[in-house]
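Keep in mind it's a predicted model, so treat the numbers as computed, not measured.
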Amino acid sequence: MMEILLLLFVLILVHRYPSFRVDGRSMEPNFHHLERVVARRMTADASIERFEVVILRLDGGRHLIKRIIGLPGETVAYQDHQLCIDGCPFTEPFSHGITMDFGPVQLDQDEYFVLGDNRPASLDSRTYGPFHRKDMIAKNVRKSLWKM
């Protein structure tokens, strides 16, 4: 009986907190190439915060790990290597490398703008365009304690 309960607990835990492998250097120095991370599976009522790290699903089943920069309805731009949201400058202590100027990008009501922390090495919303909530599969990304 105890084995069944333990197995059930592990199955629920793995479903709720799936693991992912970081592919590429776009999130360095915070997450590294081939590093294993765990994240909490998104629920329909989950809030999404600015600067939170999320796992996104691309067409073809590939996953991206990126940071939320712009929220629905906002205007995102880089001017003189400075993040500006709705015209207001924001500090990003986690970003690495110089971000080339772009924008402004006006987000619709279900669009999010995401960037990698290592901007020169990142394919993100500057390449793919804004993402929708349905593209986000997990949040609360953390480094895994297990080497899977």
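- Between Arg126 and Tyr78, the side chains place no donor N or O within less than 3.5 Å of an acceptor N or O (distance only, hydrogens not considered).
- Residues Val53 and Phe31 meet the side-chain proximity criterion, which asks for heavy atoms closer than 4.5 Å.
- The salt bridge (charged side-chain N to carboxylate O under 4.0 Å, His left out) pairs that include a residue from residues 63-72 are Arg67-Asp117, where partners are two or more places apart or lie in different chains.
- Within a 6.0 Å sphere centred on CD1 of Ile98, other residues, nucleotides and ligands contribute 12 heavy atoms or fewer.
- For Ser125 against Pro130, the heavy-atom pair with the smallest separation is OG-CA, 3.9 Å.
- With rounding to the nearest 0.5 Å, the separation of OG1 in Thr75 from CD1 in Ile85 is 10.0 Å.
- Taking CG of Leu83 as the start and CG of Leu115 as the end, the distance is 8.0 Å to the nearest 0.5 Å.
- With Arg62 contributing its side chain and Asp59 its backbone, the two residues share no donor-acceptor pair below 3.5 Å.
- The cationic group of Arg50 lies under 6.0 Å from the six-membered ring centre of Phe90 and within 45° of the ring axis, placing it in a cation-pi geometry.
- The shortest non-hydrogen separation linking Glu52 to Ser47 is OE1-O, 4.0 Å.
- Although no hydrogens or angles enter the test, the distance criterion places no donor-acceptor pair under 3.5 Å between the side chain of Arg142 and the main chain of Val38.
- Between Pro120 and Gly97 the shortest heavy-atom distance is CD-CA, 4.0 Å.
- A donor-acceptor pair is defined here as one N or O able to donate and one able to accept, closer than 3.5 Å; such a pair exists between the side chain of Gln106 and the backbone of Gly73.
- Across every non-hydrogen atom of Val22 and Val37, the tightest pair is CG2-CG1, 3.9 Å.
- Atom NZ of Lys134 sits about 11.0 Å away from atom CG of Leu56, to the nearest 0.5 Å.
- Leu64 and Val54 end up in the same hydrophobic cluster when Ile, Leu, Val, Met, Phe, Trp and Tyr side chains are linked at under 4.5 Å.
- Of the inter-residue distances, the one linking Glu74 atom CD with Glu111 atom CD reads 12.0 Å to the nearest 0.5 angstrom.
- Grouping the Ile, Leu, Val, Met, Phe, Trp and Tyr side chains by contacts below 4.5 angstrom, directly or via other members, places Val76 apart from Tyr128.
- Residues Ile137 and Tyr112 do not share a hydrophobic cluster, defined by chaining ILVMFWY side chains whose heavy atoms lie under 4.5 Å apart.
- The minimum heavy-atom distance between Phe20 and Ala39, with the atom names listed, is CE1-CB, 4.3 Å.
- Using modelled atom types, one side-chain atom of His81 and one backbone atom of Thr99 make a donor-acceptor pair closer than 3.5 Å.
- Considering only heavy atoms from C-beta on, Leu58 comes within 4.5 Å of Phe131 through its side chain.
- Linking ILVMFWY side-chain heavy atoms closer than 4.5 Å, directly or via other members, places Val105 and Leu71 in two distinct hydrophobic clusters.
- In this structure, the separation between CZ on Arg21 and CD1 on Ile65 is 13.0 Å, given to the nearest 0.5 Å.
- Proximity of Met42 to Ile48: side-chain heavy atoms (C-beta onward) are separated by under 4.5 Å at one or more points.
- In the hydrophobic clustering of ILVMFWY residues, with side-chain heavy atoms under 4.5 Å counting as a link, Phe51 and Ile55 come out apart.
- For the pair Asp101 and Asp80, the minimum side-chain heavy-atom distance is below 4.5 Å.
- The CZ atom of Arg25 lies 11.5 Å from the NE2 atom of His96; values are rounded to the nearest 0.5 Å.
- No donor-acceptor pair under 3.5 Å is formed between the side chain of Asn118 and the backbone N or O of Met27.
- Here the closest non-hydrogen pair linking Gln109 and Pro72 is O-CB, 3.0 Å.
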